[in-house]
Peer 1: 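Take this structure, written in structure tokens, and hold onto it; I'll ask about it next.
Positions are given from 1, in the same order as the sequence printed here.
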Amino acid sequence: MATMAELQEVQITEEKPLLPGQTPETAKTHSVETPYGSVTFTVYGTPKPKRPAIFTYHDVGLNYKSCFQPLFRFGDMQEIIQNFVRVHVDAPGMEEGAPVFPLGYQYPSLDQLADMIPCILQYLNFSTIIGVGVGAGAYVLSRYALNHPDTVEGLVLINIDPNAKGWMDWAAHKLTGLTSSIPDMILGHLFSQEELSGNSELIQKYRSIIQHAPNLENIELYWNSYNNRRDLNFERGGETTLKCPVMLVVGDQAPHEDAVVECNSKLDPTQTSFLKMADSGGQPQLTQPGKLTEAFKYFLQGMGYMASSCMTRLSRSRTASLTSAASIDGSRSRSRTLSQSSESGTLPSGPPGHTMEVSC
């Protein structure tokens, strides 16, 4: 591995509404050199003994703030972040204030972005992580976990598409490129057509972020790398699989719903839970941070962390939901599918050896 030199370290204080008794959270932004160029990441909190770092990787068209702030600023999430140091990675050229890459610059492939992660962990002297990735970031973390399974304790993968583009996909992509701009194509990747047609305040905000991004040329390079991704070749029962606990998340009517369902069918059912979220569209971490936070807490509990965590809304409805589910669905051998209303949002704990397919 190439020698890593710290290029930048800036201490900042995150500006956000504070909960009663909460102190401002200090963050440090670093940049390190890797064999594939410089990468920037921001660290919140201090390492906890015998606990992994929460390690996030964002999707195309976003950076760590625009992708994850609504989730990690959510009130109930504070209990989690008090127990874990977290590292938010910006893909090269996606960080705030990033200069535009020169013409002809060869942007790293998604596989090479995954190969940058050991440099970050070595620099920070972190041994294990729990990865949280969205879209392209979910792919990057999955590729890293395949190559370094001993360093990944768990993965939360939102909108993952582990498949390379086929010929039909390429033809459709090329045809769309003739009639649509890069921002429009990326918005179609991030959000459902129903959301885009509705043109809510959220859609207007993210359309403006992408259309007016000063580093749009860099974003296009990341977009091209995503569209040139290799197949992860997941195989249930085979050697190429994720060996850690995995929570797959997708919104109903999301652009990547079919891909996530297919991914679920290829992973180890004893290690995988599948969360399909109602009323969340293409970006559950933006539109349903409360439900995702509760699901994340259960996921961490299943890994042996936060055993005394206070389960708020979901805890109150858990018993009734499980009783109802058992009477309706007790005969299923591989998985349980529980359908709750958007208001309930219940994520039960599945029996050992079963995949949870949950609509909440």
Peer 1: Please determine, by modelled atom types, if Tyr144 and Thr151 share a side-chain donor-acceptor pair under 3.5 angstrom.
Peer 2: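 Note: Tyr144 and Thr151 side chains meet the donor-acceptor criterion.
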Peer 1: For Leu190, does its backbone N or O pair with a side-chain atom of Gln283 as donor and acceptor, under 3.5 Å?
Peer 2: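 Side chain of Gln283 to backbone of Leu190, a donor-acceptor pair under 3.5 Å: yes, one is there.
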Peer 1: Would you sort out whether Thr56 and Phe72 count as a side-chain contact (heavy atoms from CB on, under 4.5 Å), showing the intermediate values?
Peer 2: CA-CA 11 Å; Thr56 74; Phe72 283 94; 3.9 Å; yes
Peer 1: Between the side chain of Gln78 and the main-chain N/O of Phe74, is any donor-acceptor distance below 3.5 Å?
Peer 2: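 Such a contact is found between Gln78 side chain and Phe74 backbone.
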Peer 1: Would you please test His88 and Phe41 for ring pair (Phe, Tyr, Trp, His ring centres under 6.0 Å) and show each step?
Peer 2: CA-CA 5 Å; His88 297 291; Phe41 51 95; over 10 Å; no
Peer 1: Within a strict 4.5 Å, meaning less than it, do heavy atoms of the Thr241 and Arg236 side chains meet?
Peer 2: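 Side chain of Thr241 against side chain of Arg236, heavy atoms only: no contact under 4.5 Å found.
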Peer 1: Testing Leu157, Leu275, Ile158, Asn159 for side-chain contact (heavy atoms from CB on, under 4.5 Å) with Leu248, which one passes?
Peer 2: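 Of Leu157, Leu275, Ile158, Asn159, side-chain contact (heavy atoms from CB on, under 4.5 Å) with Leu248 is met by Leu157 alone.
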Peer 1: Using a 3.5 Å distance criterion without hydrogens, assess whether the side chain of Gln69 forms a donor-acceptor pair with backbone atoms of Cys67.
Peer 2: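 No, the answer is negative, given that no donor and acceptor are paired below the 3.5 Å cut-off.
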Peer 1: For Val89 and Val39, work out which heavy atoms get closest and say how close.
Peer 2: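 The answer is CG1-CG2, 3.9 Å.
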Peer 1: Ion pair present between Glu262 and Lys266, side-chain N to carboxylate O less than 4.0 angstrom?
Peer 2: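 Here Glu262 pairs with Lys266 in a salt bridge, since their nearest N and O are under 4.0 Å apart.
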Peer 1: Does Tyr305 use its side chain to pair, donor to acceptor, with the backbone of Asn83 at less than 3.5 Å?
Peer 2: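 Flag not set: sc Tyr305 to bb Asn83 has no pair under 3.5 Å.
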Peer 1: Has Thr272 got a side-chain atom pairing as donor or acceptor with Asp268's backbone, closer than 3.5 angstrom?
Peer 2: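 Side chain of Thr272 to backbone of Asp268: a pair is present.
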Peer 1: Given 3.5 Å as the limit, does a donor-acceptor pair link the side chain of Glu257 with the main chain of Val250, or not?
Peer 2: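 Looks like no, no N/O pair under 3.5 Å.
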Peer 1: Looking only at heavy atoms, what is the nearest atom pair of Gly282 and Ala254, with distance?
Peer 2: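 Distance-wise, the nearest heavy atoms are CA-CB, 4.0 Å.
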Peer 1: Any heavy-atom pair between the side chains of Gln271 and Val246 that's under 4.5 Å?
Peer 2: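 The answer is no; the side chains never approach within 4.5 Å.
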Peer 1: Side chains of Gln193 and Glu195 only: does a donor on one sit below 3.5 Å from an acceptor on the other?
Peer 2: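 Note: Gln193 and Glu195 side chains miss the donor-acceptor criterion.
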Peer 1: Does CG in Asn199 sit with more than 12 non-hydrogen atoms of other residues, nucleotides or ligands closer than 6.0 Å?
Peer 2: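 It does: Asn199 CG has more than 12 such atoms within range.
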Peer 1: Once salt bridge (charged side-chain N to carboxylate O under 4.0 Å, His left out) is applied, do any residues pair with Glu96, and if so which ones, sequence neighbours excluded?
Peer 2: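 In terms of salt bridge (charged side-chain N to carboxylate O under 4.0 Å, His left out), with neighbours along the sequence ignored, Glu96 is linked to Lys65.
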Peer 1: Taking the six-membered ring of Phe84 (Phe, Tyr or Trp), confirm whether the NZ or CZ of Arg86 is under 6.0 Å from its centre and within 45° of its axis.
Peer 2: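 Not satisfied by the 6.0 Å and 45° rule.
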Peer 1: Does anything in residues 40-52 pair up under salt bridge (Lys or Arg N to Asp or Glu O under 4.0 Å), and if so which pairs, sequence neighbours excluded?
Peer 2: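 For residues 40-52: none.
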Peer 1: Please tabulate, for side-chain N and O atoms in residues 128-143, each donor-acceptor pair with protein atoms closer than 3.5 Å (sequence neighbours left out).
Peer 2:
from: Thr128; atom 1: OG1; to: Glu153; atom 2: OE2; distance (Å): 2.9
from: Tyr139; atom 1: OH; to: Arg143; atom 2: NH2; distance (Å): 3.2
from: Tyr139; atom 1: OH; to: Arg230; atom 2: N; distance (Å): 3.3
from: Tyr139; atom 1: OH; to: Arg230; atom 2: O; distance (Å): 2.5
from: Ser142; atom 1: OG; to: Ala138; atom 2: O; distance (Å): 2.9
from: Arg143; atom 1: NE; to: Asp111; atom 2: OD1; distance (Å): 3.1

Peer 1: Any side-chain donor paired with an acceptor under 3.5 Å for Ser181 and Asp184?
Peer 2: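 Yes, Asp184 and Ser181 have a side-chain donor paired with an acceptor closer than 3.5 Å.
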Peer 1: Would His189 and Tyr226 satisfy ring pair (Phe, Tyr, Trp, His ring centres under 6.0 Å), going step by step from the backbone distance to the final call?
Peer 2: CA-CA 11 Å; His189 162 78; Tyr226 176 71; 5.0 Å; yes
